There are 2 protein chains.
Amino acid sequence: MSQHRHPGAPGRAGAVPALPDLPEATVARLPEYLRALHALADTGHETVSSEGLANAAGVNSAKLRKDLSHLGSYGTRGVGYDVTLLIDQIESVLGLTQCRSVALVGVGNLGHALAGYDGFASRGFRIAALFDADPSRVGEEINGLVVRHVDELARVAVEESISIGVIATPAPAAQAVADQLVAVGVTSILNFAPCVLSVPEGVDVRKVDLAIELQILSFHEHRKASLTALPGGLAATDTQEAIGT
Amino acid sequence: MSQHRHPGAPGRAGAVPALPDLPEATVARLPEYLRALHALADTGHETVSSEGLANAAGVNSAKLRKDLSHLGSYGTRGVGYDVTLLIDQIESVLGLTQCRSVALVGVGNLGHALAGYDGFASRGFRIAALFDADPSRVGEEINGLVVRHVDELARVAVEESISIGVIATPAPAAQAVADQLVAVGVTSILNFAPCVLSVPEGVDVRKVDLAIELQILSFHEHRKASLTALPGGLAATDTQEAIGT
DNA sequence: GCGTGTGAATTAGTTCACAGCA
DNA sequence: TGCTGTGAACTAATTCACACGC
């Protein structure tokens, strides 16, 4: 879907929607808005106000409006945003108008779950291949896909025109896998292994570390406990607001 | 471990290490430093320079020094940081000196993987109870723990003195689970369900949405593609640096 | 001399508040 | 009148660059 040509974007108009170089923080929130918009569309809403959408997405309305303004947005003053139009806009900016193929390396505990996770397919990502280094895992079928040996990565990645690599191996194996992915031309990696990856310029790495999230919560738990226990004055109600991602 | 009393912290010294109210961005990086430090300790290093630790943690050294300075750190000029001392410091600040008990609600695809994830136990978290709403799942044993019905949450949470709740249910069930956790007194929640939770003040929520990470990568993929394809001049090598978390 | 710790400068992100359009 | 879009003000985070102690 979508072939929007909107005015005001810098540079000469081309076949591509002309990406306006969004702030990173905005990019990170667009998927959130998208989810909220889909929910609104499913419940029959045709338009939303910035206030309404902001609530659904868990941000404040000023931030939302500023974010949308960055993509040269199409709201109507006094009315709000057209839900389906905005969905198309955001999907177009995020590059979700084409289905992207994902290669998942490491089908251990976590990888197994990721391979079966519905949330990917339902949002435009296709898990196209599974890999593992452990021969005893090769051949196993998960969710209709056969696990292949990681040595086949190069060949399969090309065949399936892999766009994003997901690493769910143990930490010691992660760097080697990343190197292989990069060698095959993958320029976006999602890393679940608890380690730092070094990759050449032009390759984007995002990291998800489950234990780190818990440790951050632990800090806040700890702080709350020491606030209520120790010092003069402050009651339990005085603590901080819920934090975002 | 650890009962450090360091000077310079504001307020009157008490039994608690006196939390110096760190910037949120710093808190989010401390676990990263901790992991790097443990790796260094395992390989026999006794001290690190800010440069060395920064490399291991994937940040630049100025940022690292500023972060550590916030916790009134103990480096030695001309030498560096004592690895084990710094580990104790950071663990103390993050509240990891006590093992925290985690309740996991929702043992579907993802929950199952989380229940078996080693990374939690190895970093001071104990999964103390598993819950699900589906009766056919209740009674199942995962990793030595029996899945209980979510109705038992209140009783078990108290028994096990749950400190953090992890929600791995489908999105429609998440809010109700969060409400139950809050009702039981849980003030830290890690949410894997793709939805916004509303919780009272004083409760911290962190969210992990796997599909969102992919969508962010998709954006960068899309941008890189449109840069190399379209406009005059810029070659493929000119694209952006790898991004952090 | 080396490397930490930190003020000062810069940049990024958020919030405010209101002009302007439907 | 209601709500978007946005400059301007503010806050948070990062980076610079160097004084100071070992």
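This one's a predicted model, so the numbers in the text were calculated from it and none came from an experiment. Numbers restart at 1 for each chain; the letters A, B, ... are given by sequence-line order, proteins then strands.
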When you measure from every atom of DNA chain D, which of residues 49-57 of chain B have a heavy atom less than 4.0 Å away?
none

Write down the distance between [atom1] ([X]) and [atom2] ([N]), rounded to a whole number of angstrom.
X      : N       : atom1 : atom2 : answer
K63(B) : dT4(C)  : NZ    : P     : 17 Å
E24(A) : dG13(C) : CD    : C1'   : 12 Å
D82(A) : dC3(D)  : CG    : P     : 16 Å
L64(A) : dG5(D)  : CG    : C1'   : 12 Å
L22(B) : dT14(D) : CG    : C1'   : 16 Å
H70(B) : dG5(C)  : NE2   : C1'   : 11 Å
L68(A) : dT6(D)  : CG    : P     : 11 Å
D67(A) : dG5(D)  : CG    : C1'   : 13 Å

With respect to the phosphate group of [N], does any side-chain polar atom (N or O) of [X] fall under 4.0 Å of OP1 or OP2?
X      : N       : value
N60(A) : dT14(C) : no
Y81(A) : dG5(D)  : yes
Y74(B) : dG21(D) : no
R77(B) : dC18(D) : no
K66(B) : dT6(C)  : no

I want to verify a distance call: between dT14(D), dT4(D), dC18(D), whose nearest atom is closest to the R65(B) side chain?
dC18(D)

From the candidates dA22(C), dA13(D), dT6(D), the one with an atom nearest any side-chain atom of P23(B) is dA13(D)

Heavy-atom pair with the smallest gap, counting every atom of [X] and [Y]:
X      : Y      : result
L53(A) : V48(A) : N-CG1, 3.8 Å
S61(A) : E51(A) : OG-OE1, 3.3 Å
E32(B) : A57(B) : CG-O, 3.7 Å

S188(B) versus E221(A), side-chain donor and acceptor atoms under 3.5 Å
yes

For D67(B) and T26(B), does a side-chain donor sit closer than 3.5 Å to a side-chain acceptor?
yes

Using a 4.5 Å cut-off on heavy atoms from C-beta on, say whether the side chain of E213(B) contacts that of K207(A).
no

Looking at V196(A), I167(A), V199(A), which hits side chain to side chain contact (heavy atoms under 4.5 Å, CB included) with V205(A)?
V199(A)

Which residue lies toward the 5' end of DNA chain C, R29(A) or T76(A), if each is placed at its nearest nucleotide?
R29(A)

